[in-house]
Amino acid sequence: MGALSAAEEGKPLMQSGSNTAVYSLDVDARRQARPFLGLPASVFAGACYCTASMSMVLLNKVALSSFDFGSPNALLFYQCALCVLLVHICRLAGLVKVEPFNWQIIKIWVPVNIIFVGMIGTSFWALASDLNVAMLTVLKNLTNFFTLGGDYFLYGRTYKLNVWGCVALMALSALCGAVTDLAFDARGYFWQMVNCLFTAAYSLYMRGAMDRVAQHTSDGKKLGEFSMVFYNNLLSLPFIALIMAGTGELRGWLSEPDLRNPTFMAVAAVSGLIGFGISFTSLWFLSTTTPSIYSLVGSLNKVPLALVGLFAFNVAWTVPNLLSILVGTLAGIVFTVAKSKS
């Protein structure tokens with residue numbers, strides 16, 4: 001995904017697919033949300049959130065697999081740096097609030113950030129492979145298996161059989177999808193599975209880190225959304241630079257031919273802007289609806305994403321493969337509903 005997503009799309013914050021905490025907002029604020037362009041605010045905000053989330057994945061896939069750009073980590077560095085710059089500009093303009101720089105927060109946040117870099121890095125490497133977007137979407141659901149396992153072993157939390165049944169269905173659909181995948185790419189599958197582990201670790205570790213950070217914030221509360229976005233992306237830059245040095249990209253990225261390709265540069269720029277926009281649209285949508293509806297819409301959004309990804313990139317498919325993908329995405333929706341009731 002992008003620098004702002006976990007996750008998906010990502011999102012380092014509020015997505016039920018990665019089981020991170022959903023921030024509760026004032027119910028009265030949701031009731032008082034005014035219509036926008038003649039539509040209910042929640043409908044318009046939800047449409048913007050879904051569009052931004054889908055566009056981020058698809059544009060990154062285009063940038064990483066439809067061109068000959070051989071420096072995916074450089075593109076990731078650019079997106080993180082752009083995000084830091086845009087958040088800073090918004091802070092100076094008084095549009096958002098960001099927690100002042102604090103070394104105590106940095107010390108606590110560095111382990112979170114290392115996991116964050118692993119999460120967004122492996123997402124980029126999976127997208128840069130021949131793994132198609134539809135199967136990537138199905139495989140992402142396996143994050144839930146690792147997160148539920150971590151919940152049980154680390155926090156002693158248990159879930160009902162219907163939740164585990166949904167996870168089993170998602171795992172079965174992923175296995176069937178892999179077997180029937182005509183464009184099977186072992187490297188892409190490997191990086192996406194590693195991404196699931198990092199995403200689950202991020203959400204699990206984040207819970208304790210947020211409580212510890214709250215002891216050092218200016219208002220004694222947990223970090224806000226834009227503070228997390230700012231710190232995550234800022235602290236990611238030196239780690240991504242080290243990865244670039246280790247892979248040789250640090251020396252060769254400036255000589256990439258696609259840097260002189262206007263189409264590639266436009267795709268890279270728009271994907272970076274959309275990644276930043278996800279933070280705004282996700283908060284806007286959540287402010288007009290309930291956390292449960294927010295999570296459900298995030299799961300529903302995977303269905304059109306999988307189908308668009310399948311047909312937009314001319315992926316070879318069979319009926320069994322398509323059915324596996326649909327079952328996997330629908331299982332994710334049922335999982336969201338079942339988990340919200342557990």
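For clarity, every value in this text was computed on a predicted model and none was experimentally measured.
Annotation for A200 and F146: closest pair CB-CB, 3.6 Å, computed over non-hydrogen atoms. Here the closest non-hydrogen pair linking I240 and F77 is CG2-CB, 3.9 Å. Closest non-hydrogen pair, L58 versus G309, comes out as CD2-CA, 4.2 Å. What you find for A174 and V138 is that their closest heavy atoms are CA-CG1, 3.9 Å. The minimum heavy-atom distance linking F184 with A178 is given by the pair CD1-O, 3.8 Å. A pairwise comparison of heavy atoms in L82 and A269 identifies CD2-O, 4.4 Å as the closest pair.
A donor-acceptor pair shorter than 3.5 Å can be found between the side chains of N73 and W125. For the residue pair S71/E256, the side-chain donor-acceptor check at 3.5 Å is satisfied. Using modelled atom types, one finds a donor on one side chain and an acceptor on the other under 3.5 Å when comparing W109 with N232. Under 3.5 Å, the side chains of T122 and Q192 contain no donor-acceptor pair of N or O atoms. Checked by atom type, the side-chain pair Q79/N233 shows no donor-acceptor distance below 3.5 Å. With no hydrogens or angles considered, no side-chain donor-acceptor pair links N301 and Y49 at under 3.5 Å.
Distance CD1/I325 to CG/L139: 9.5 Å, rounded to 0.5 Å. Atom CE of M56 sits about 10.0 Å away from atom CG of L273, to the nearest 0.5 Å. Taking CD1 of I106 as the start and CD of Q104 as the end, the distance is 10.5 Å to the nearest 0.5 Å. In this structure, CD1 on I114 lies 13.5 Å from CE on M119, to the nearest 0.5 angstrom. Here H216 contributes atom NE2 and K107 contributes atom NZ; the two are 9.0 Å apart, rounded to the nearest 0.5 Å. Interatomic distance, SG of C83 versus CZ of F226, reported as 9.0 Å (0.5 Å rounding).
Placement of F311 and V303 within a single hydrophobic cluster is found when ILVMFWY residues are connected by side-chain heavy-atom separations under 4.5 Å, directly or transitively. Hydrophobic clustering, with ILVMFWY side chains joined whenever heavy atoms are under 4.5 angstrom apart, keeps L142 apart from Y152. Criterion: ILVMFWY side-chain heavy atoms under 4.5 Å apart, direct or through other members. Under it, L75 and L259 are part of a common hydrophobic cluster. Hydrophobic clustering (ILVMFWY, side-chain heavy atoms < 4.5 Å, transitive): L175 and M193 are in distinct clusters. Linking Ile, Leu, Val, Met, Phe, Trp and Tyr whenever their side-chain heavy atoms come within less than 4.5 Å leaves L86 and L92 in two separate clusters.
Between the N141 side chain and the G328 main chain, a donor and an acceptor come within less than 3.5 Å of each other. Looking at Y231, its side chain never comes within 3.5 Å of a backbone N or O of I105 through a donor-acceptor pair. Under the 3.5 Å distance criterion, the side-chain polar atoms of S65 are left unmatched by any main-chain donor or acceptor of V62. For S227 (side chain) and L223 (main-chain N/O), no donor-acceptor pair under 3.5 Å exists by modelled atom type. The main-chain N or O of R157 is never found under 3.5 Å from a side-chain atom of D151 such that the two would form a donor-acceptor pair. The backbone N or O of A63 lies less than 3.5 Å from no partner atom in the side chain of S66, so there is not a single donor-acceptor pair. For D258 (side chain) and N261 (main-chain N/O), no donor-acceptor pair under 3.5 Å exists by modelled atom type. In this structure, the side chain of S55 does not engage the main chain of A52 through any donor-acceptor pair within 3.5 Å.
Around atom CZ of R251, no more than 12 heavy atoms belonging to other residues, nucleotides or ligands sit under 6.0 Å away. The 12-atom threshold is exceeded at CZ of F239, counting heavy atoms of other residues, nucleotides or ligands nearer than 6.0 Å.
Residues passing the side-chain contact (heavy atoms from CB on, under 4.5 Å) test with I115 are F198, A201, Y202, Y205, sequence neighbours excluded.
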Using atom types as modelled, flag every donor-acceptor pair under 3.5 Å from a side chain in residues 126-136 to any protein atom, sequence neighbours excluded.
unit_1, atom_1, unit_2, atom_2, d
S129, OG, A126, O, 2.6
S129, OG, L131, N, 3.2
N132, OD1, A134, N, 3.1
N132, OD1, M135, N, 2.8

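Using a 4.5 Å heavy-atom threshold, the side chains of V98 and V96 count as touching. L250 places none of its side-chain heavy atoms less than 4.5 Å from the side chain of L242.
The ring-ring contact (aromatic ring centres under 6.0 Å, His included) contacts involving residues 78-100 comprise nothing, where partners must be two or more places apart or lie in separate chains.
Taking the six-membered ring wherever Trp is involved, the centroid distance between the rings of W103 and F101 falls below 6.0 Å.
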For this session: Applying side-chain contact (heavy atoms from CB on, under 4.5 Å), run through M170 and F335 and close with a yes or a no.
Result: CA-CA 9 Å; M170 286 187 283; F335 170 84; 3.8 Å; yes

For this session: Assess whether side-chain contact (heavy atoms from CB on, under 4.5 Å) is satisfied between V213 and E99, documenting all intermediate values.
Result: CA-CA 11 Å; V213 164; E99 183 68 26; over 6 Å; no

